[in-house]
Amino acid sequence: MKHPLFLALLAFIQAHGSVAQTVPRFDQSARVVDRFDFLEITLTLPEPPPGNPFLDASMQGVFQQVANPEPSTSMTPWTVDGFCDDEGGRVFRLRFMPMVAGKHTYSVSFRSGATEWKHVGKFTARTGRRRGLVVRDPEYPTHFKWSGDGRHFFYHSTTAYWLLGFRDDSVIRESLDRLDLLGVNRIRVALSGRTRSGMRWKEPMIVSNDDFQYRLEPWPAARPHDIEDPGYDVTRFN
């Protein structure tokens, strides 16, 4: 015979779908990532913090490589700031890029007023095949190289101002992948800007629709369709 408390909980779940979240939830994107890729820690709050989540709350992580037998490897901890990724203020994210292979540990803290939540975790960074960061070549100070494989970096750039005008992230990803296949390693895009369909950019065949807009809005706009006076709230992100 089932316990009455179990039956009551089962009836509640059936009526409401799930047990309401009452404590913050920390999620880790993966247990193993490539070196120079990134690990993402997501914090989901049961309720938004008071005030403006973009200004009045903070998320910070400290990452540490576990002891490595190679004496040349730096063991200095890395401190990384997180960010609010939800207009409602319930989702925060933190991303860390490991630059050395091996096991890592981390601790994350979230603060909002007198409230503080902490989380600890671990992951492994494998060597992988990513080229790494672009750094100055100490042997040839006027040249650059990839920190991951040591190959020289040759600047191959293009401009795609309105790339972020596409509403579907998969279109943006396909565009980046196509440019990558062409050997492009630097892309300049606009983060904020607006104009009428193609008039200023001499592209009359391109018109705004539900899939593409000539409006790049990193902040919420009171009048999003007003080209001249959108009324941005620059204290929050869109």
Side-chain angles (χ1 to χ4, degrees), residues 9 13 17-49 53-54 57-112 115-135 145-151 153 164 168-181 185 187 237:
L9 179 60
I13 294 176
S18 62
V19 178
Q21 181 186 349
T22 58
V23 296
R25 186 180 76 246
F26 288 88
D27 294 306
Q28 180 176 314
S29 61
R31 294 185 179 276
V32 179
V33 298
D34 286 348
R35 183 177 58 142
F36 301 118
D37 198 351
F38 68 87
L39 180 81
E40 181 175 88
I41 309 299
T42 302
L43 167 62
T44 305
L45 300 173
E47 298 290 341
F54 298 96
S58 65
M59 181 180 181
Q60 190 175 78
V62 178
F63 294 78
Q64 174 74 61
Q65 184 192 16
V66 178
N68 192 309
E70 299 181 11
S72 61
T73 302
S74 173
M75 298 296 294
T76 304
W78 295 276
T79 301
V80 181
D81 289 329
F83 58 94
C84 179
D85 195 29
D86 173 38
E87 291 185 58
R90 293 185 61 241
V91 179
F92 287 75
R93 302 186 195 279
L94 186 151
R95 293 169 182 155
F96 172 71
M97 180 184 68
M99 291 182 285
V100 293
K103 296 181 178 180
H104 292 68
T105 60
Y106 67 84
S107 62
V108 175
S109 61
F110 171 81
R111 294 182 178 86
S112 175
T115 301
E116 181 176 5
W117 299 95
K118 292 183 177 291
H119 172 72
V120 296
K122 59 184 179 180
F123 71 97
T124 299
R126 58 192 174 199
T127 301
R129 296 184 178 180
R130 290 178 174 267
R131 292 184 174 182
L133 303 175
V134 176
V135 298
K145 68 176 184 178
W146 297 100
S147 61
D149 57 18
R151 296 182 181 180
F153 170 80
L164 300 184
D168 187 346
D169 285 349
S170 65
V171 176
I172 298 175
R173 170 56 61 186
E174 290 171 3
S175 300
L176 294 173
D177 289 343
R178 178 175 59 84
L179 291 170
D180 178 51
L181 290 175
N185 51 34
I187 303 172
F237 283 110

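Predicted model, so just to flag it, every value in this text is computed and none were measured. Each residue takes its place number in the sequence, starting with 1.
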Mind listing the closest non-hydrogen atom pair of R151 and D149 along with its distance?
N-OD1, 3.0 Å
What distance separates N185 CG from F153 CZ, expressed to the nearest 0.5 Å?
4.0 Å
Give me the atom names and distance for the closest heavy-atom approach of C84 to P53.
SG-CB, 3.8 Å
Heavy-atom donor-acceptor pair, Q28 side chain to K122 backbone, under 3.5 Å:
yes
Would you tell me whether S58 and R111 have side-chain atoms, one donor and one acceptor, within less than 3.5 Å of each other?
no
Can you tell if the side chain of P24 reaches within under 4.5 Å of the side chain of P46, non-hydrogen atoms only?
yes
Kindly give the heavy-atom pair with the smallest separation between F96 and V80, and that separation in Å.
CD1-CG2, 3.7 Å
Would you check if R126 and V32 make a side-chain contact, meaning some heavy-atom pair closer than 4.5 Å?
yes
Do the side chains of M59 and S109 get nearer than 4.5 Å, heavy atoms only?
no
Test side-chain contact (heavy atoms from CB on, under 4.5 Å) on I187 and L176; report intermediate values, then the result.
CA-CA 9 Å; I187 303 172; L176 294 173; 3.4 Å; yes
For F83 together with F92, are the ring centres under 6.0 Å from each other?
no
Shortest non-hydrogen contact from G148 toward R35
O-NH2, 3.6 Å
Any donor-acceptor pair under 3.5 Å from T124 side chain to K103 backbone
no
Salt-bridge contact D27-R25 (side-chain N to carboxylate O under 4.0 Å)
yes
How long is the straight-line distance from CG of D86 back to CG of L43, given to the nearest 0.5 Å?
11.0 Å
Gap separating the CE atom of M99 from the CE atom of M97, nearest 0.5 angstrom:
5.5 Å
So, Q65 side chain and A101 main chain: donor-acceptor pair closer than 3.5 Å or not?
yes
Can D37 and R130 be counted as an ion pair, charged N to O under 4.0 angstrom?
yes
Can you tell me how far CG of D34 sits from CG of L39, rounded to the nearest 0.5 angstrom?
12.0 Å
State, yes or no, whether a side-chain contact exists between F38 and V33 at a heavy-atom distance under 4.5 Å.
no
With a 4.5 Å limit on heavy-atom distance, are the side chains of S29 and F123 in contact?
no
Do the two ring centres, one from W117 and one from F110, sit under 6.0 Å apart?
no
Would you indicate whether the side-chain heavy atoms of H119 and Y106 approach each other to under 4.5 Å?
yes
Test V108 against F26 for side-chain contact (heavy atoms from CB on, under 4.5 Å), laying out the working first.
CA-CA 9 Å; V108 175; F26 288 88; 4.0 Å; yes
Greater than 12 external heavy atoms within 6.0 Å of E47's CD
no
In short, A125 meets H104 closest at the heavy-atom pair CB-CE1, 3.9 Å
Tell me whether F54 at atom CZ has more than 12 heavy atoms from other residues, nucleotides or ligands lying less than 6.0 Å away.
yes
With side chains defined as the heavy atoms from C-beta onward, is the minimum distance between F63 and L94 less than 4.5 Å?
yes
V62 side chain reached by W78 side chain, heavy atoms, under 4.5 Å:
no
